[in-house]
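A note on names: the letters A, B, ... follow the listed sequences, proteins ahead of strands, and every chain is numbered from 1.
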Amino acid sequence: MSFRPDRTDRIVTHETGLAATGNERVRTEQSRTEPTGFGPDGRPCHPCGLDRHIDHSAYMVLDGTVKQALELGKTRLIATGLVMTVAFFAIGIRLVDLTLLQGSPHHKTQQITSNAARTQVRADIVDRNGVVLATSLPSASLFADARIVPDPERAARELHRILPETSQSELLAKLKSAKQFVWLKRHLTPRQKAQVNSLGIPGLNFRREQQRFYPHGDLTAHAVGFTSIDNQGLAGMEQSFDELLNSTSEPLRLSLDVRIQHIMAEELSATISEFSAVGAAGMVFDVRNGEVVAMVSLPSYNPNNAGIANDDSRFNRATLGVYEMGSVFKLFTAAMALDEGVVSVNDGYDTTDPIRIGRFTINDYKPKKRWLSIPEILIYSSNIGTVHMAMEAGTPMQKAFLSNLGLTRPASFELPEIGRPGLPSNWREVNTMTIAYGHGISVSPLQLVRAAGVLVNGGELKSATLIKRSPGETVTGPRIISEATSRQMRRLMRLVVLHGSGRKANAEGYMVGGKTGTADKLRNGRYVRNARMSSFLGAFPMNDPRYIVFVMVDEPKGTKQTHGFATAGWVAAPVAKRVIERMGPLISMEPIEDSIADEPIEQLLVQVQAQAGGHSLASQ
Amino acid sequence: MNKIALIAWLTACAVSIWFAFHIKYKVQELEAELGIAQIGIESDREAIRVLEAEWSFLNQPSHLADLAERYLDFKPMLATQVVHLSDIPPRGSDDADSLDSIIEELLRNAPDNPARDTKKSNGGAALMRTGATQ
């Protein structure tokens, strides 16, 4: 590199003068060259001449050069300034954005989540009209830091006085345990809390907790269930929807109607005391959408104190209990025979002779000893006629039909307490015979009402639910019987109530149809004569069925009023009647002029009986 | 000129500092208020839950039935007490007799009047409220 301080170099110096480093470089280069007095190429140089030369030429150039340099500097200043302004503006906008626009939502969400965590309570359970069945109430629980309780003996004595249900020795043991945290008593009443507070014992503290409360007590106990002391569902809907209840704040809306539930429970408990029965179950089932509107199992228990309830009262007879339903099953046999075309409604069977198979004899409860038409078989509840019907259909058909109705497998339902139906291990001819009239197969009332819904709702099996369906929701299910068969079954059921064993269920104005069932109870594999299940399966109104009402009374004993009878016609049918009469106005059902609506149905019986006249002559 | 600018800048600076602190304290104040309001909302919610539980408890059907029995003269309605609108003859028609017979039938179908103890029960007032006469 050669260094020659000439004009061009000077200009460079001026130009770079603005930049500190450039200036520095030029100066050091100058100071390096000056003492030697030589150019880099070794030639001696003349400082004065050089100066003069420069001065001279510089004056000529400077004016233009300085101006140029200043211009340049100005431009750079403006450029830098602009960059800075833009940067500051950007920061300013971002600040406004963060503080006024974006910042607050971020802040808010954080607060909401922390709030939610603090106030998360187990959701309520309500009935179909929004009546609270289970809710969480704030409560205080007492715990101790046993290390700092000064006088455990005195503290235990005082606490026992306030909390008499705790044992003093237990309290003392806990207070002496020297543990940092020990529960003394969960869920204190506000009064107890105030009293404990006024003791002023150091080391005793309260923790806020949620306590489950069931305002309706034992009325809906089996459906709603109960929770543990730590709010963990242990039975009923509390158990099946445990996670959902803990994660949402939306109440869980059941299909139950607490008013109809009350009517059913009241009528059943009146019947239990009247007939000294050991228990009862009742259901009201919406045949259009499968909602369970009432589900009662007696005896019941108080879910607010479920710990002391015995096993019998905790047992849900409506879904977990399976029973031989007796003559109620004749409806299914008739529906099968009619739907499969085995018989027509005008056909019938001779019921004069009992049926003997092996060591069994199948007889009628009230033998008519003549030819009976299909409607009459149901009206008089003839075992013999029903068995003939089932035998003509055959075992495979019966098996398939009952399986289609969902009677051979546990019902799919929201409750965890679901009974497994009792089926014959080997479905032989004798089983077909007994199952035809409801013995040798045990099903839960829940399965029964669901299957019975098929008979009256037009033939579709709709899944049962304890959760309210949204209004207007149409529920469809697999078709089991034709609409024509369903129509015939409605007429037959109505005839049973008009003329048969179900007469006492005839709630005027609601066109009730149904079938009674009285089954002897099995004990150690033997039927016991005096222990019965009396049941009534009804539907109303029969011209366009809306509800199934099922009533079952466990081991009723006859009374003077019933002339010693404890059969379903005397025990269960009146309950169904009273339930229907009382729930009719509640569900705003318009009463029907039965006498007019029943005319075509009566016509059917007259027509059938006219034919029967010929048959009975023939059989004699 | 410069002095005025300086004073203006200093004033602006002071104002903005004052404003910043003002905002800060205001925010703190509001946050405290918010906290109090949230605690209030929380305790109100709890109170509502307790009251709803109590309301549901008081509305137990058995309790209501008991109250109705004690204070009202009402009985459960029967289907036979309901008449279809089409059964009622139009106003001014000659068919007045049929209306009388309908009313007569309704009265006949009505359940027996329960034994009435007017001092104890408040039945009269209840009937007046509904506009019905005995």
Side-chain angles (χ1 to χ4, degrees), chain A residues 99 104 107-108 111-112 114-115 118-119 121 124 126-127 129-139 190 208 210-219 249 251 257-263 265-266 269 304 507-511 541 578 580-586 589-594, chain B residues 16 19-20 22-24 26-28 30-69 74-87 102 105-106 108-111:
Chain A
T99 50
S104 47
H107 187 55
K108 231 183 255 165
Q111 210 159 34
I112 281 170
S114 68
N115 260 5
R118 188 152 26 90
T119 62
V121 289
D124 289 355
V126 300
D127 90 334
N129 302 314
V131 176
V132 175
L133 302 179
T135 188
S136 293
L137 298 182
S139 79
R208 283 170 61 81
Q210 301 293 330
Q211 188 179 13
R212 215 57 176 152
F213 176 62
Y214 305 94
H216 289 265
D218 59 1
L219 185 59
S249 54
D257 187 323
V258 92
R259 303 168 300 173
I260 297 172
Q261 178 86 2
H262 162 71
I263 291 170
E266 197 179 59
S269 52
N304 291 310
E508 215 178 312
Y510 296 109
M511 226 181 153
R578 290 196 295 270
I580 292 168
E581 271 178 353
R582 289 176 65 182
M583 73 178 273
L586 284 183
M589 187 171 277
E590 190 182 358
I592 305 159
E593 291 270 4
D594 314 62
Chain B
S16 66
F19 193 68
H22 175 75
I23 292 276
K24 186 185 167 172
K26 195 86 187 162
V27 165
Q28 278 176 349
L30 282 173
E31 262 176 1
E33 226 170 272
L34 179 71
I36 292 166
Q38 273 171 343
I39 290 168
I41 288 169
E42 196 45 50
S43 72
D44 281 353
R45 278 211 186 113
E46 248 166 38
I48 288 170
R49 268 213 309 282
V50 173
L51 288 171
E52 270 178 354
E54 193 181 344
W55 180 240
S56 182
F57 180 76
L58 290 173
N59 273 300
Q60 283 179 84
S62 50
H63 182 230
L64 290 184
D66 180 47
L67 289 179
E69 205 175 306
F74 297 152
K75 287 223 129 187
M77 190 181 73
L78 295 178
T80 46
Q81 288 171 272
V82 181
V83 173
H84 289 260
L85 201 60
S86 56
D87 293 341
I102 287 172
E105 198 196 323
L106 280 183
R108 203 170 45 246
N109 286 333

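Looking at B/V82, the atoms closer than 4.5 Å to chain A (heavy atoms on both sides) all sit in the side chain, from C-beta outward. Using a 4.5 Å cut-off between heavy atoms, A/Y510 contacts chain B through its side chain alone, with no backbone atom that close. Contacts between A/I263 and chain B at a heavy-atom distance below 4.5 Å are absent for every atom of the residue. Proximity to chain B is absent for every atom of A/Q261, based on heavy atoms less than 4.5 angstrom apart.
The NE2 atom of A/H262 lies 12.0 Å from the NE2 atom of B/H63; values are rounded to the nearest 0.5 Å. For the atom pair A/L137 CG and B/E52 CD, the distance stands at 10.5 Å (nearest 0.5 Å).
Looking only at distances, a side-chain donor or acceptor of B/R49 sits under 3.5 Å from a matching main-chain atom of A/S136.
A/L133 is not listed as a side-chain neighbour of B/S56, based on a closest heavy-atom distance of 4.5 Å or more. Inter-residue side-chain proximity for A/P215 and B/Q60 is flagged as unmet; no heavy-atom pair is nearer than 4.5 Å. Between B/P61 and A/H216 there is a side-chain heavy-atom pair separated by less than 4.5 Å.
By the neighbour-count criterion of 12 heavy atoms within 6.0 Å, atom CD of A/E508 is sparsely surrounded, having that number or fewer from other residues, nucleotides or ligands.
The residue among A/P138, A/G509, A/P585 with the most heavy atom pairs within less than 4.5 Å of chain B is A/P138.
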